[in-house]
Amino acid sequence: MLTETTETISPDLFRAALSHWASGVTVVTTRDAAGQNHGFTASAFSSVSLDPALVLVCLDNRANCFDAFDSSEGFVVHLLARDQQELAGRFASKGADKFAGSGVTLSPAGQPLLPGALARLECRTERRVPGGDHLILIGEVHQASEREGEPLVYFQRRFHDLTPAG
Ligand SMILES: Cc1cc2nc3c(=O)[nH]c(=O)nc-3n(C[C@H](O)[C@H](O)[C@H](O)COP(=O)(O)O)c2cc1C
């Protein structure tokens, strides 16, 4: 009798393989119905579509901010500049008062905006798709701002500056 076996990669090997992917770093924010700001650092970000303008970000199901993102109407993706490593660390720390002293303001749509990013993408939550132990948040970008500057880069579990090649 043929038996089907399911082979799965070990989490350690999966993490080690993914550590070779260099990415930018984002901080994603939202505001809950009670007026509380929430946010987390994310490298699992991608553009999805140009027309309509869609992006995605993946949120760990165990994140403290999960419920806020799972129920909010929108979110803001901040593409971080090279001098925002402290902000990236703060929004990756559980329990920290992440917005204290951050200079947060509210967008016309009522979402938290942080200063200093290279770009900000203000999104309406278009769809939420379960993705294993993460939730894929797909947002339609309805407002954006951007400026010149060098990005913060994450590679091999460390932050880096981008050094132009050539
Ligand atoms: C460079 C970096 C990238 C990260 N990328 C993600 C990500 O894409 N998705 C995610 O859910 N958590 C990611 N994290 C972890 C979260 O930022 C962290 O667990 C955060 O504290 C979760 O929010 P919480 O405090 O509400 O639980 C990343 C952390 C770092 C340092």
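Throughout, numbering of the chain's residues begins at 1 and tracks the sequence. As the structure lists them, so they are numbered: ligands from 1, and atoms in each ligand from 1.
In this structure, V25 does not count as a contact residue of ligand 1, since none of its heavy atoms falls inside 4.0 Å of the ligand. Proximity of K98 to ligand 1 is established by a heavy-atom distance of less than 4.0 Å.
When only non-hydrogen protein atoms are considered, atom 20 (C) of ligand 1 lies nearest to F91 O, 3.7 Å. The protein heavy-atom contact nearest to atom 31 (C) of ligand 1 is A92 CB, 3.7 Å. The protein heavy-atom contact nearest to atom 8 (O) of ligand 1 is A44 N, 2.9 Å. With hydrogens left out, the protein atom closest to atom 19 (O) of ligand 1 is K94 NZ, 4.1 Å, a heavy atom. Protein heavy atom nearest atom 11 (O) of ligand 1, with residue, atom name and distance: D60 N, 2.7 Å. S43 OG, 3.4 Å is the protein heavy atom nearest to atom 3 (C) of ligand 1. Closest to atom 10 (C) of ligand 1, if we only count protein heavy atoms, is C58 O, 3.6 Å. Looking at atom 2 (C) of ligand 1, its nearest protein heavy atom turns out to be T41 CG2, 3.8 Å.
Below 4.0 Å from some heavy atom of C65 lie the following atoms of ligand 1, by number and element: 23 (O), 26 (O). Close approach of ligand 1 to L59 is summarised as follows: ligand atoms under 4.0 Å from at least one heavy atom of the residue are 11 (O).
One option in A42, S93, A63 has a heavy atom closer to atom 7 (C) of ligand 1 than any other, and that option is A42.
More than 12 heavy atoms of other shown residues, nucleotides or ligands fall within 6.0 angstrom of atom CD in E150. Residue-environment remark: CZ (R62) stays at or below the threshold of 12 foreign heavy atoms within 6.0 Å. For L50, the CG atom counts as loosely surrounded, since its 6.0 Å shell holds 12 or fewer non-hydrogen atoms of other residues, nucleotides or ligands. Atom CZ of R128 is surrounded by more than 12 heavy atoms from other residues, nucleotides or ligands within 6.0 Å.
For F159 and Y154, the gap between ring centers is short of 6.0 Å.
The shortest heavy-atom contact between V25 and V153 is CG2-C, 4.2 Å. For the residue pair H78 and L114, the shortest heavy atom distance occurs at NE2-N, 2.9 Å. Heavy-atom minimum distance, G131 versus I136: CA-CD1, 4.2 Å.
Classification of the H160-F155 ring pair by plane angle, with boundaries at 30° and 60°, yields tilted.
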